[in-house]
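Reviewing the structure listed below.
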Amino acid sequence: MKILANDGISESGIQKLESAGFEVLAVKVAQEQLISYINQHGISVLLVRSATKVDKEIIEGCPSLKIIGRGGVGMDNIDVAYAKSKGLHVINTPEASSSSVAELVFAHLFSGVRFLHDANRNMPLEGDSNFKKLKNAYAKGMELRGKTLGIIGFGRIGVATARIALGLGMNVIFTDPLLEEATVTVPFFDGRSISFQLAGTSLENLLRTSHFISLHIPAQESYVIGKKEFEMMRNGVGIVNAARGGVLDEVALVDALESGKVGFAGLDVYESEPIPEIRILMHPDISLSPHIGAATEEAQERIGLELASQIISLYK
């Protein structure tokens, strides 16, 4: 039984699959050559991350496929409904990357409140000639402790983000159409933990009261945060999107940054990904990363092992 890991898989995942009798081909096949490669090699399982699209054409053109696996949470690059209608199993790894994405959210938050994204651009250029000027420019930082973090979407990644926020001493509120309340348990290094009971709120209340906002929702047909929503927010709010491009209106974001309504933004995903707009890339008040939410060694290890376990279980 052959598995094509087109966007890569951890070595531990490969070893687990090979020990169970599978042949793993960890090669990168170009999108336009994927159908030919799958058919030529008799691939039964196709594993992807966000780079490879598994659309109706591929599903229809590859009768040997039995399983499509997504290393990560969102599956908007896979035509899930059509795959299932053809009898294929579609699997993903919803828990494996939650902590990694949540930590990246806070990397952007810390960067934003202390201007690190801009300081790291300017210090190499002016640090030796305008040190005092830069020191004054970045002297009005802010602490996260004691502030309110509003989380839009309270699935696994939203909860993981809440855990870090609570551990930092932040107040956490959330909005989610499927949840009215939630219990969040924060574990510590010594095995102890503490649980917090959080009540959900409306999107409008979250927008009006949060000092910082983090998005954790799947791809949408329209913007969740646009001009109207920015107008509701507190002046100087910080906003992070490490979920999906297209849930936040980037034109409205730039306008809100220019007006001072938004103090800073952190973006890991983009509307026009993989070619983000130049106004986004060059803006001094946006902390940027290239869709690396799940790109930690630990997360990839968990993803590989979780995919392997699901595949082995399905074939058993």
Side-chain angles (χ1 to χ4, degrees), residues 1-29 34 37-38 41-54 58 62 64-78 80 83-84 88-107 155-164 184-191 193 216 218 242-244 268-269 289-316:
M1 204 69 69
K2 292 183 180 180
I3 298 172
L4 172 61
N6 204 50
D7 296 333
I9 185 173
S10 67
E11 188 61 35
S12 57
I14 293 174
Q15 290 175 3
K16 187 168 184 175
L17 288 165
E18 288 181 342
S19 295
F22 293 91
E23 180 183 348
V24 181
L25 304 176
V27 296
K28 178 62 179 177
V29 181
L34 203 51
Y37 188 93
I38 290 171
H41 292 83
I43 302 296
S44 299
V45 181
L46 173 61
L47 302 181
V48 303
R49 285 189 274 189
S50 58
T52 303
K53 298 187 184 302
V54 189
I58 289 176
C62 301
S64 64
L65 283 180
K66 301 293 185 293
I67 299 174
I68 300 168
R70 164 70 161 92
V73 182
M75 294 198 289
D76 44 293
N77 59 321
I78 300 172
V80 176
K84 289 184 175 180
L88 277 70
H89 294 282
V90 183
I91 59 176
N92 67 341
T93 58
E95 296 185 25
S97 59
S98 298
S99 296
S100 298
V101 178
E103 288 192 9
L104 183 66
V105 169
F106 277 88
R156 292 176 177 88
I157 299 176
V159 170
T161 303
R163 288 194 187 102
I164 299 176
V184 177
T185 301
V186 182
F188 297 97
F189 72 97
D190 59 359
S193 64
H216 298 287
R244 281 289 180 269
D268 187 50
V269 292
S289 58
H291 202 154
I292 55 170
T296 64
E297 292 182 5
E298 295 87 347
Q300 293 309 309
E301 186 87 356
R302 291 191 295 266
I303 286 171
L305 291 172
E306 191 173 326
L307 284 172
S309 294
Q310 291 186 62
I311 292 165
I312 293 167
S313 178
L314 283 169
Y315 271 95
K316 280 184 178 179

Donor-acceptor contact present, side-chain Gln310 to main-chain Asn92, <3.5 Å: yes
Side-chain donor or acceptor of Ser313 paired with backbone N/O of Ser309 under 3.5 Å: no
Salt bridge (Lys or Arg N to Asp or Glu O under 4.0 Å), paired with Asp7, selected from Lys28, Lys53, Arg70: Lys28
Within residues 42-51 or reaching into it, pairs that qualify as salt bridge (charged side-chain N to carboxylate O under 4.0 Å, His left out) - sequence neighbours excluded: none
Minimal non-hydrogen separation, Ile43 against Val45, with atom names: CG2-O, 3.2 Å
Full working for side chain to side chain contact (heavy atoms under 4.5 Å, CB included) between Leu4 and His41: CA-CA 9 Å; Leu4 172 61; His41 292 83; over 6 Å; no
Polar side chain donor-acceptor pair, Asp268 to Ser289, under 3.5 angstrom: yes
Straight-line distance of Ser100 OG to Ile303 CD1, nearest 0.5 Å: 7.5 Å
Short side-chain to backbone donor-acceptor contact, Thr93 and Gly72, under 3.5 Å: yes
Working for side chain to side chain contact (heavy atoms under 4.5 Å, CB included), residues Leu17 and Ile9: CA-CA 11 Å; Leu17 288 165; Ile9 185 173; 4.1 Å; yes
Sole candidate of Val54, Leu34, Leu25 that passes side-chain contact (heavy atoms from CB on, under 4.5 Å) when paired with Asn6: Leu34
Distance, nearest 0.5 Å, that separates CZ of Arg302 from CD of Glu298: 6.5 Å
Criterion side chain to side chain contact (heavy atoms under 4.5 Å, CB included) on Met75 and Val90, from CA distance to verdict: CA-CA 9 Å; Met75 294 198 289; Val90 183; 3.6 Å; yes
